[in-house]
Amino acid sequence: MRGMSKKGLTPQGEDFSAWYNELVYEADLVDLSPVRGSFVIRPYGYALWENIQRDLDAMFKATGHENLYFPLLIPMSFFEREADHVEGFSPELAVVTHAGGKELEEPLAIRPTSETIIGELYSKWVQSYRDLPLLYNQWANVMRWELRTRPFLRTTEFLWQEGHTAHATAEEALEETRRMLDVYATFARDYAAIPVVEGEKTEGERFAGAKQTLTIEAMMRDRKALQSGTSHYMGENFSRAFDITFNDVNNEQAYAHTTSWGFSTRFIGAIIMTHGDDAGLILPPKLAPHQVVIVPISRRNDDEATARVTAEAQRLATSLAEVGVRVKVDEREGMSPGWKFNEWERKGVPLRIELGPKDLEAGTVLLADRLSGEKDTVAIDQVASRVPGLLEAFHERLFERARVFRDEHIFEAETYEELKEKVEHGWVYATHCGDPESEARIQEETKATVRCIPLEGPSAEGTVCVHTGKPSGYARKVIFAKAY
RNA sequence: CGGGGCGUAGCGCAGUCUGGUAGCGCACCUCGUUCGGGACGAGGGGGUCGGAGGUUCGAAUCCUCUCGCCCCGACCA
């Protein structure tokens, strides 16, 4: 399957999932670990994550949040305090039963998410309405013992951030839930060039212990949906379970309203599957580890020309770095330029500069665009001034391509037959009654689930459920789609 | 846990049926020629054939037991 012996990836159209599996290894994003289900994130993949962290973190700070860090281990009993939460997470907990050579009195769960342990401490930190809101976030690893795993999309251990906030009123907490969903949607659009649909999860798809779960859903190039970030309103569920109470302005005791919101390394999967093509990754410039790669081209038997090319490549790289471009000069020996072109295309670098003796004589470079595949001649002394704008434009084109693709594959269905047919080709808006049993039946029969009740979209007014004929359970038509 | 497949060099595989010097491609190392879309030649290094037991003069190959991994299904950011 894998292996550099073979020249290209399996084409997306032939087997999308094979394409994905090969690409994550061939682009040096991940490697297998000795423990099944967990993966090593290699430097190129981790650099992507670091860029995601940097930009998202800035957005969290800008919305008033502070970072902190909670421990990895959580007493088992904490999970039992919230009925839905324990039911949702028990099956996938990894538990430490022995330590220091002895069996522990109380087993410790490796966090699958931190609501419980954070709730325990929030109860201590919140006494008065003056202590609220608490607006905290942590960057952490979590573990969920999944049966079927895939790099980035579903791994037993994954990296994420989890925001946990506590508020005096439901209104404030609901606002926070929505605000952070918008942060995710904005990040996806402005940094990853991924268009998303914002919506609410139905009861069955809601986070274990939440009153409301909001989601951003992105369409992959196989037209399946990927839940790419979630934001939950917990109501008083966790504050009652963990006794997060405070005295309000009237000196009356009240329960805090809490939220949590998370965004994980799964999003790297979204980037891969939203933008990638048969040649490999196409990375959004703002998150790409290298925005520009310079491939110097030598000439046979001419050390002097080679030296000049190398020197010019370095000079060019410096001038690009000075205008804030992340640039890499590929000076590796023993590989032909063609080999390097293919490699950087596979790795999704937005722009490639080819610089050889001919260019030096003409005072130009060849600038290759990963998205269009086109090459343009650009004067060397204009490269540094033009590249930032080209990267900006690259981002816009990438987003637009994804947006058009998505919009071309969203349909609307009036009948169940229509839903069954259209969901084979993309996402489908349809009216649903909201009955969980009906939802389950539809999933059995079509493999599609309700991804969300979109915050914007066709109204359900005057329509009835495509499956049961009952009145709509929601104000809008829901989105049915096959999902990761 | 059900169904399917596979363990032989770093990776991908052949060899197993029919027992007899452990091979191929890629990768790696050295030297030379190359370098504008996955270069070529010559030389070289690398293996307890997943593990244990058995049959045999002789086992990657046959027998028994075991361990592990991958793929498909039931749960999920």
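Just so you know, these numbers use all the heavy atoms, side chains as well, and skip hydrogens, waters and symmetry mates.
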Report yes or no: is the cationic atom of [X] (NZ for Lys, CZ for Arg) closer than 6.0 Å to the six-membered ring centre of [Y], at no more than 45° off its axis?
X	Y	result
A/K201	A/F207	no
A/R221	A/F405	yes
A/K211	A/Y233	no
A/R178	A/W261	no

Just name whichever nucleotide pairs with B/G32, Watson-Crick or G-U, keeping both distances under 3.5 Å, else none.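 B/G32 is paired with B/C40.
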For B/G46, give the paired nucleotide (Watson-Crick: N1-N3 plus N6-O4 or O6-N4; G-U: N1-O2 and O6-N3; both under 3.5 Å), or none.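 None - no nucleotide pairs with B/G46, as no candidate has both distances under 3.5 Å.
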Selected nucleotide, minimal atom distance to [X] side chain, candidates [options]:
X	options	value
A/T230	B/G36, B/A77, B/G37	B/A77
A/E146	B/A74, B/G36, B/C75	B/C75
A/E345	B/G37, B/A77, B/G36	B/G37
A/K447	B/A77, B/C35, B/A74	B/A74
A/Q227	B/G37, B/C35, B/A77	B/A77
A/R266	B/G37, B/A77, B/G36	B/A77

Check for me whether the distance between the ring centres of A/H164 and A/F70 falls short of 6.0 Å.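 Ring centroids of A/H164 and A/F70 are no less than 6.0 Å from each other.
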Would you confirm whether the ring centroid of A/F39 sits within less than 6.0 angstrom of the ring centroid of A/F158? no
Mind checking if [X] touches a base, just sugar-phosphate, or nothing, with heavy atoms under 4.0 Å?
X	result
A/K358	base
A/R150	nothing
A/G262	nothing
A/T155	base
A/K201	nothing
A/P357	base

[atom1] gap between [N] and [M], integer Å:
N	M	atom1	value
B/G15	B/G47	C1'	15 Å
B/U18	B/A52	C1'	27 Å
B/G68	B/C31	P	45 Å
B/G37	B/G41	C1'	23 Å

What N/O pairs connect the protein and nucleotides 1-6 of chain B at under 3.5 Å? Give each pair on its own line.
none

Looking at A/T10, A/I272, A/D278, which hits side-chain contact (heavy atoms from CB on, under 4.5 Å) with A/L23?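 Output: one option passes, namely A/I272.
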CZ (A/F267) and CD (A/Q227) are apart, to the nearest 0.5 Å, by 13.0 Å
How long is the gap from CD on A/E176 to CG on A/L174, to the nearest 0.5 Å?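 One gets 10.5 Å once the value is rounded to the nearest 0.5 Å.
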Under 3.5 Å between N/O atoms: give me all the protein pairs with nucleotides 39-41 of chain B, atom names plus distance.
unit_1: B/A39; atom_1: OP1; unit_2: A/S336; atom_2: OG; d: 3.3
unit_1: B/A39; atom_1: OP2; unit_2: A/S336; atom_2: OG; d: 2.3

Please name the residue in the list A/R352, A/K340, A/R370 that meets the side-chain hydrogen bond (donor to acceptor under 3.5 Å, both in side chains) test with A/E345.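 Among A/R352, A/K340, A/R370, the one meeting side-chain hydrogen bond (donor to acceptor under 3.5 Å, both in side chains) with A/E345 is A/R352.
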